[in-house]
Amino acid sequence: VISWTAIISGHARVGDLETAQRLFDSMPERNRISWNAILVASTAGGNLEQAKCLFDRMPELDVVAITTLITAYGRAGHIEQALELFLQIPETDEVAWLAIIQALIENGQIATARSMLDLMPNRSSDLAARTAVINAYARTGQMDRAMELFQRMSSCDAVAWNAMVVACTAAVGAATALELAAAMECEGFLASAITYVGILVACSKMGRIEESRRRFWSVSFDHALEPIYDHYCCLVDVLARAGQLERAEDLVRFMPFVPN
RNA sequence: AUGGGCCA
């Protein structure tokens with residue numbers, strides 16, 4: 001049952017609900033964790049009603065299953081339902097708290113998110129959890145706390161750095177964000193495509209066209225990354241803000257992405 | 001083997 005569940009989980013991760021479902025239906029026995037895995041596959045498929053149907057038919061609902069659905073509701077903009085579910089959890093754990101706080105933030109309910117963050121108990125030193133908390137502080141107007149926690153982290157990864165870089169642009173200033181991005185590379189972390197979104201947004205906020213351009217090319221030349229859609233958007237943004245509308249328009253027309 | 005963290 002462990003092997004079957006692991007394979008279902010893999011298909012869930014790449015969004016292949018059909019295969020996940022076929023395997024789930026044909027596996028010889030199922031336990032609570034297999035049901036949770038197929039629920040994840042179902043939410044990843046984007047059909048919330050279908051996921052809710054499955055949820056209602058599940059033989060056992062644990063905090064993992066409920067948290068899965070909370071996250072799905074949050075991403076779909078159904079924050080009331082997410083909150084309702086959270087209140088139904090008999091024994092909340094740290095992941096459940098972080099999931100509802102993240103959902104509140106994504107749905108613009110900053111004040112509530114801030115209160116829940118204050119109420120949240122038992123904080124572990126788990127890397128993802130710490131980063132989630134730091135990010136939540138940053139997005140609820142408590143950048144000082146975010147910085148403090150970040151500096152106290154004994155180990156961190158590129159995701160934590162990216163979160164700080166992005167948060168800095170909004171809450172402190174673009175120049176500080178760029179300094180942080182530089183510090184990140186000094187510490188030996190490779191800038192990822194997402195780091196570059198942060199860097200380009202910062203350049204754009206400061207109106208630095210030349211630096212934006214340079215950084216944009218550096219994405220592929222210095223880091224062997226393919227520029228993603230967001231990078232083109234940043235470049236369009238900085239050109240447009242500087243009044244170079246023709247150049248901005250040309251870029252929209254000729255970039256290798258369909259503009260949204 | 002299942003849920004939570006970075007992309008303006």
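Hydrogens, waters and symmetry mates play no part in the numbers below; they use all other heavy atoms, side chains included. Letters A, B, ... mirror the listed sequences (proteins, then strands); counts begin at 1.
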What integer distance in Å separates [X]:[atom1] from [N]:[atom2]?
| X | N | atom1 | atom2 | result |
| --- | --- | --- | --- | --- |
| Trp4(A) | rU2(B) | CH2 | P | 17 Å |
| Ile38(A) | rA1(B) | CD1 | C1' | 13 Å |
| Leu180(A) | rC6(B) | CG | C1' | 12 Å |
| Arg130(A) | rC6(B) | CZ | P | 17 Å |
| Leu85(A) | rG3(B) | CG | P | 17 Å |
| Ile66(A) | rG3(B) | CD1 | P | 16 Å |
| Phe24(A) | rU2(B) | CZ | P | 15 Å |
| Leu200(A) | rC6(B) | CG | C1' | 15 Å |

Distance-minimising heavy-atom pair for [X] and [Y]:
| X | Y | value |
| --- | --- | --- |
| Leu127(A) | Cys156(A) | CD1-CA, 3.8 Å |
| Asn135(A) | Ala163(A) | OD1-CB, 4.2 Å |
| Leu54(A) | Leu39(A) | CD2-CA, 3.6 Å |

* **Side-chain hydrophobic cluster, 4.5 Å single linkage: members besides Phe254(A)** => none
* To do: Apply salt bridge (Lys or Arg N to Asp or Glu O under 4.0 Å) to Arg241(A) and list each qualifying residue two or more places apart in sequence or on a separate chain.
  => Asp237(A)
Nearest listed nucleotide, side chain of [X], among [options]:
| X | options | result |
| --- | --- | --- |
| Ala163(A) | rC6(B), rU2(B), rA8(B) | rC6(B) |
| Ser9(A) | rA1(B), rG4(B), rG5(B) | rA1(B) |
| Ile194(A) | rG5(B), rC6(B), rU2(B) | rC6(B) |
| Val159(A) | rG3(B), rC6(B), rA1(B) | rC6(B) |
| Asp93(A) | rC6(B), rG4(B), rG3(B) | rG3(B) |

Which part of the nucleic acid, if any, lies within reach of [X] when heavy atoms closer than 4.0 Å are counted: base, sugar-phosphate only, or nothing?
| X | result |
| --- | --- |
| Val95(A) | base |
| Arg75(A) | sugar-phosphate |
| Val133(A) | nothing |
| Asp126(A) | base |
| Thr131(A) | base |
| Ala170(A) | nothing |
| Ala202(A) | nothing |
| Val166(A) | sugar-phosphate |

* Kindly indicate whether the side chain of Thr68(A) and the base of rG3(B) share any N or O donor-acceptor pair separated by less than 3.5 Å? => no
* **Donor-acceptor pair (no angle test) under 3.5 Å: Asn36(A) side chain, rA1(B) base** => no
* Any side-chain donor-acceptor pair under 3.5 Å between Ser115(A) and Thr112(A)? -> no
* With distance as the sole criterion, is a donor-acceptor pair present between the side chains of Ser34(A) and Trp4(A) under 3.5 Å? -> no
* Quick check: does any side chain N or O of Asp157(A) sit under 3.5 Å from a backbone N or O of Ala160(A), one acting as donor and the other as acceptor? -> yes
* To do: Mind listing the residues from residues 209-234 of chain A sitting with a heavy atom below 4.0 Å of RNA chain B? Number order is fine.
  => Asp230(A), Cys233(A)
Compare side-chain N and O positions of [X] against OP1 and OP2 of [N] and report whether any pair is under 4.0 Å apart.
| X | N | value |
| --- | --- | --- |
| Gln102(A) | rC6(B) | yes |
| Asn135(A) | rC6(B) | yes |
| Arg13(A) | rU2(B) | yes |

* Ring centroid separation Tyr196(A) to Phe216(A) under 6.0 Å -> no
